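Each remark here refers to the structure printed beneath this line.
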Amino acid sequence: MASAINNCCLLRCSSDLPHSHSLRYLPQHLSAPNRNSGDTINTKVLRLDGRNRRSISVNCSSTTEKRILSGDRMLVFVPPHPLIKHWVSVLRNEQTPSPVFRNAMAELGRLLMYEASRDWLPTISGDIQSPMGVASVEFVDPREPVAIIPILRAGLALAEHASSLLPATKTYHLGISRDEETLQPTIYLNKLPDKFPEGSRVFVVDPMLATGGTLVAALELIKERGVDNKQIKVISAVAAPPALKKLGESFPGLHVYAGILDPTINDKGFIIPGLGDAGDRSFGT
């Protein structure tokens, strides 16, 4: 798959079980956010299990994702966690009822956003008093919320757990429909700000990357508002080569996190074998 898609790399990265959390109390004396720059590794397929991650960190003098994996090509991540495979399997089953389907989409989104936020969130560190003594701590900086942009309507289900997973978020809705005949996107709702703050981190949540037209339209709107490709991460349940090829040609440095990659799309623009219409199946209409 990786060799068939130009201008992007396929990476299969390790995964841990995510824990929901929220930041309630943050000492005022903690320091400013940490920021990291990047080096490049030119590779087609890279499996980031524990052993390989350590060896890469030695070569790059860093354990951060940005230093390990950044470059001019789009990167596609397919985390091999068994829970991701489980929820993708539930989504694929045509017998899965709508409420279960929507829950499976939400759980898959939680896992993918957990993986995508690894070594990416701004942090502040310092000392804090625990009941037993002073401890060195590190918090995600709530002053720099992650922008969550679900593509309506199916993106709502995939992004459902973003606010419980991430300590600080802002959600901006973007409605884009696809013409069933021409497969061209039409924007019918745009709740994006006129300008994103400098350095904003953005999750664009679109369950199905088939032709790529919808996501390209969304990314162009986001870039017009001041966000660099490398500050954007795409969260998707299923992706196919036509979309990835289009994204790789137009958005170098973009990171895509997908539950699974499927081989093709049909003449109606549906991913094969895919999981059907994610919006219809999520909401039962």
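Just so we're clear, the structure is a prediction, and the values are computed from it rather than from any experiment.
Atoms CG and CD1, from Leu174 and Ile187 in turn, are 6.0 Å apart once rounded to the nearest 0.5 Å. Note: Lys233 NZ to Leu112 CG = 12.0 Å, rounded to the nearest 0.5 Å. Considering CD of Glu107 and NE2 of His161, their distance stands at 4.0 Å, rounded to 0.5 Å. In this structure, the separation between CZ on Arg110 and CG on Leu108 is 11.5 Å, given to the nearest 0.5 Å. Here OH of Tyr257 is found 8.0 Å from CG of Leu75. Values are rounded to the nearest 0.5 Å. Put simply, CD1 on Ile260 and CG on Leu91 are 10.5 Å apart, with the number rounded to the nearest 0.5 Å.
Gln231 places a side-chain N or O within donor-acceptor distance of the main-chain N or O of Gly199, the cut-off being under 3.5 Å. Here the side chain of Arg73 pairs no donor or acceptor atom with the backbone of Pro252 at under 3.5 angstrom. Side chain of Ser98 to main chain of Gly284: a donor-acceptor pair is present (N/O by atom type, distance under 3.5 Å, no hydrogens or angles). Checked by atom type and distance alone, the side chain of Thr96 pairs as donor or acceptor with a backbone atom of Val90 at under 3.5 Å. When atom types are taken as modelled, the side chain of Thr169 and the backbone of Leu166 share no donor-acceptor pair closer than 3.5 angstrom. For Ser250 (side chain) and Leu247 (main-chain N/O), no donor-acceptor pair under 3.5 Å exists by modelled atom type.
The shortest heavy-atom contact between Leu158 and Ser236 is CD2-CA, 4.0 Å. Minimum interatomic distance between Val78 and Gly259 (heavy atoms only, all atoms of both residues): CG1-O, 3.9 Å. Annotation for Asn190 and Leu192: closest pair OD1-N, 2.9 Å, computed over non-hydrogen atoms. Of all the heavy atoms in Met113 and Ala159, the pair that sits closest is CE-CA, 4.2 Å. Of all the heavy atoms in Arg281 and Asn93, the pair that sits closest is NH2-O, 2.6 Å. For the pair Ser282 and Ala157, the tightest heavy-atom approach, listed with the atom from each and the gap, is OG-CB, 3.8 Å.
With salt bridges taken as basic N to acidic carboxylate O contacts below 4.0 Å, one links Arg92 and Asp262. A salt bridge links Glu115 with Arg118; the closest basic N to acidic carboxylate O contact falls under 4.0 Å. Taking 4.0 Å as the cut-off between side-chain N and carboxylate O, Arg143 and Asp141 count as a salt-bridged pair.
Take Phe196 and apply the ring pair (Phe, Tyr, Trp, His ring centres under 6.0 Å) test, not counting sequence neighbours, and it matches Tyr172. Lys195 meets the side chain to side chain contact (heavy atoms under 4.5 Å, CB included) test with no other residue; sequence neighbours excluded. By the side chain to side chain contact (heavy atoms under 4.5 Å, CB included) test, Pro197 pairs with Ser200, sequence neighbours left out. By the side chain to side chain contact (heavy atoms under 4.5 Å, CB included) test, Ser89 pairs with no residue at all, sequence neighbours left out. In this structure, Phe270 has no ring pair (Phe, Tyr, Trp, His ring centres under 6.0 Å) partners at least two apart in sequence or on a different chain. With sequence neighbours left out, Ser136 forms a side chain to side chain donor-acceptor pair (under 3.5 Å) with Asp127. Under the ring pair (Phe, Tyr, Trp, His ring centres under 6.0 Å) criterion, Phe203 pairs with Trp120, not counting sequence neighbours. Judged as a side chain to side chain contact (heavy atoms under 4.5 Å, CB included), and not counting sequence neighbours, the contacts of Leu152 are Leu156, His173, Tyr188, Leu189.
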### Query
Can you check side chain to side chain contact (heavy atoms under 4.5 Å, CB included) on Leu111 and Trp87, steps first, answer last?
CA-CA 10 Å; Leu111 290 160; Trp87 293 119; 3.8 Å; yes
### Message
Could you go through Leu275 and Met208, starting from their C-alpha distance and side-chain angles, then the distance that decides it, and tell me whether this counts as side chain to side chain contact (heavy atoms under 4.5 Å, CB included)?
### Response
CA-CA 9 Å; Leu275 46 84; Met208 310 300 291; 3.6 Å; yes
### Message
Between Thr186 and Ile176, does the side chain to side chain contact (heavy atoms under 4.5 Å, CB included) criterion hold? Intermediate values first, please.
### Response
CA-CA 5 Å; Thr186 300; Ile176 303 178; 5.9 Å; no
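Applying the salt bridge (Lys or Arg N to Asp or Glu O under 4.0 Å) test to residues at least two apart or on different chains, the pairs with a partner in residues 148-174 are Arg102-Glu160, Arg153-Asp280.
The shortest distance between side-chain heavy atoms of Arg201 and Pro122 falls below 4.5 Å. Contact annotation: the side chain of Pro150 approaches that of Thr171 to within less than 4.5 Å [non-hydrogen atoms, C-beta and beyond]. Inter-residue side-chain proximity for Met74 and Val256 is flagged as met; some heavy-atom pair is nearer than 4.5 Å. Counting heavy atoms from C-beta on, the side chains of Asn266 and Ile271 never come closer than 4.5 Å.
Residue Ile151 is not grouped with residue Phe283 when hydrophobic side chains (ILVMFWY) are merged at heavy-atom distances under 4.5 angstrom, including chains of intermediate members.
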Without placing hydrogens or testing angles, list every side-chain donor-acceptor pair under 3.5 Å for residues 209-224, not counting sequence neighbours.
from   : atom 1 : to     : atom 2 : distance (Å)
Thr211 : OG1    : Gly213 : N      : 3.4
Lys223 : NZ     : Asn229 : OD1    : 3.1

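Here Ile272 is tied to no hydrophobic group at all, with no ILVMFWY side chain closer than 4.5 Å.
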